[in-house]
Amino acid sequence: MARTRKRGRGAIWAVVALLVVVALVVGAELVARQLVPGMVRTAVAERLQLPPEHPIDVEVGGILLPQLVAGRLADVRVASEDVTVGAFSGDVVAEGRSVPIRGDAPAEGGTAEVRMTTEQLRSLLSTFDGFPADTVELAAPHVTASFDAQVLGASISLGIALEPSASEGDIVLTPVEGTIADATVRADELRERFGALVDPLLQDRRLCIAASVPAGAELRSIEVADDELVASFDLAGGLVDDPALQEPGAC
């Protein structure tokens, strides 16, 4: 009977010890959940030179304690509105994989999405000589702009609908149709009607943005969705620790 009591007490103490350990682990995880997003938020604000009060949402996936022990965060998602990076301004969502906590090694890479309003797109396009940025509008799935053309000695305003795409990190705007006096005409029909007179307006416009974004970010796709231009980027893992990749690229 005495042995049975001792075994019972031992089992109780084992359960108590297990509960204490579980409580400590849960408490440590909760503390980490409070501290780590704040650390990421501060690092992002400093890197992007945002004021301390600028709202930045941070999400870290998975259980944090094993990641802290390993020194890397498996999945990090950062989102903020009205962020300016180089000539780009917009609402940004970035995701990183295997991000080192100390920032002293490269991550595995990541992606970023920038959503721009019409005004923000105009600001970007105004950095390119000869582009009528102040006439730009968004009409999904196209970007539209107005160009002046000389036809038979007369100056006419020609509205061009441009299809945006990405090629080797550049923005490419391809004319698909034009508007003259409220009449919409396909680009090939405009060539047939006016020939070489409108050729300069109907050429693809290739816009290099490498000098406007960090060297470690490469444009992967771009499209008009509703009333926004959505640009998606691939992020090099070295953006975390390589100053050369954090600096603007070159065209």
Side-chain angles (χ1 to χ4, degrees), residues 39-51 54 56-60 71-117 119-131 133 136 143 162 164-174 204-225 228-251:
M39 294 168 58
V40 174
R41 191 176 297 109
T42 299
V44 170
E46 290 177 352
R47 183 65 53 82
L48 296 179
Q49 298 181 340
L50 298 174
H54 191 96
I56 302 174
D57 295 328
V58 177
E59 297 178 8
V60 182
R72 287 182 174 269
L73 302 177
D75 295 290
V76 181
R77 181 183 184 275
V78 177
S80 188
E81 298 180 353
D82 296 324
V83 174
T84 297
V85 180
F88 272 85
S89 293
D91 299 342
V92 178
V93 176
E95 298 183 359
R97 301 183 301 276
S98 188
V99 179
I101 294 173
R102 298 180 184 84
D104 56 356
E108 284 188 2
T111 59
E113 180 183 273
V114 181
R115 289 181 169 266
M116 291 177 281
T117 64
E119 287 301 323
Q120 290 167 333
L121 176 60
R122 287 175 180 172
S123 178
L124 171 64
L125 295 178
S126 68
T127 61
F128 296 96
D129 292 338
F131 197 94
V136 164
V143 175
L162 305 156
S165 61
S167 177
E168 298 178 342
D170 294 343
I171 296 176
V172 179
L173 299 176
T174 302
D204 287 359
R205 284 168 172 77
R206 192 179 186 98
L207 308 177
C208 176
I209 61 169
S212 300
V213 297
E218 182 177 2
L219 182 67
R220 182 179 74 249
S221 65
I222 189 166
E223 64 178 348
V224 179
E228 294 178 312
L229 186 78
V230 183
S232 299
F233 294 82
D234 288 324
L235 304 179
L239 265 173
V240 174
D241 69 325
D242 188 343
L245 293 180
Q246 297 164 9
E247 293 296 318
C251 289

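Predicted model, so just to flag it, every value in this text is computed and none were measured.
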Check against side chain to side chain contact (heavy atoms under 4.5 Å, CB included), V114 and V230
CA-CA 6 Å; V114 181; V230 183; over 6 Å; no
Heavy-atom donor-acceptor pair, S123 side chain to Q120 backbone, under 3.5 Å
no
For a 4.5 angstrom cut-off between non-hydrogen side-chain atoms, does D241 reach P100?
no
Side chains of L48 and I56 in contact at under 4.5 Å (non-hydrogen atoms)
no
Taking every non-hydrogen atom, the tightest pair across G169 and I209:
O-CG1, 3.5 Å
May I ask you to decide whether E113 forms a salt bridge with R115, counting only side-chain N to carboxylate O separations under 4.0 Å?
yes
Quick one: CE on M116 to CG on L229, what's the gap to the nearest 0.5 Å?
4.5 Å
Please step through side chain to side chain contact (heavy atoms under 4.5 Å, CB included) for the pair V40 and L73, ending with a clear verdict.
CA-CA 10 Å; V40 174; L73 302 177; 4.2 Å; yes
Just wondering, do V60 and D75 contact through their side chains at under 4.5 Å, heavy atoms?
no
Between L207 and L125, does the side chain to side chain contact (heavy atoms under 4.5 Å, CB included) criterion hold? Intermediate values first, please.
CA-CA 9 Å; L207 308 177; L125 295 178; 3.5 Å; yes
Looking only at heavy atoms, what is the nearest atom pair of A94 and L235, with distance?
CB-CD1, 4.5 Å
Side chains of P214 and V85: does their closest heavy-atom pair fall under 4.5 Å?
yes
For the NE2 atom of H54 and the CD atom of Q49, what is their distance to the nearest 0.5 Å?
13.5 Å
Set out, in order, the CA-CA distance, both residues' side-chain angles and the distance that settles side chain to side chain contact (heavy atoms under 4.5 Å, CB included) for I171 and L124, then state yes or no.
CA-CA 11 Å; I171 296 176; L124 171 64; 4.3 Å; yes
Keeping R122 on the side-chain end and V136 on the backbone end, is there a donor-acceptor pair under 3.5 Å?
yes
Can you check whether L239's main-chain N or O pairs, donor with acceptor, with Q246's side chain at less than 3.5 Å?
yes
Closest heavy-atom contact between C251 and A211?
SG-N, 3.7 Å
Contact summary for A231 and F88, nearest pair of heavy atoms
CB-CE2, 4.5 Å
On a heavy-atom basis, which atom in A166 and which in I222 lie closest, and how many Å separate them?
N-CG2, 4.0 Å
Does R72 reach the main-chain N or O of S98 with its side chain, forming a donor-acceptor pair under 3.5 Å?
yes
Is a side-chain donor or acceptor of D91 paired with a backbone partner of D82 at a separation under 3.5 angstrom?
yes
Sequence neighbours left out, what passes side chain to side chain donor-acceptor pair (under 3.5 Å) with D170? Give chain and number order.
R206
What distance separates S165 OG from D204 CG, expressed to the nearest 0.5 Å?
7.5 Å
Looking at every non-hydrogen atom in both residues, tell me the closest pair between V92 and V83 and how far apart they are.
CG2-CB, 3.9 Å
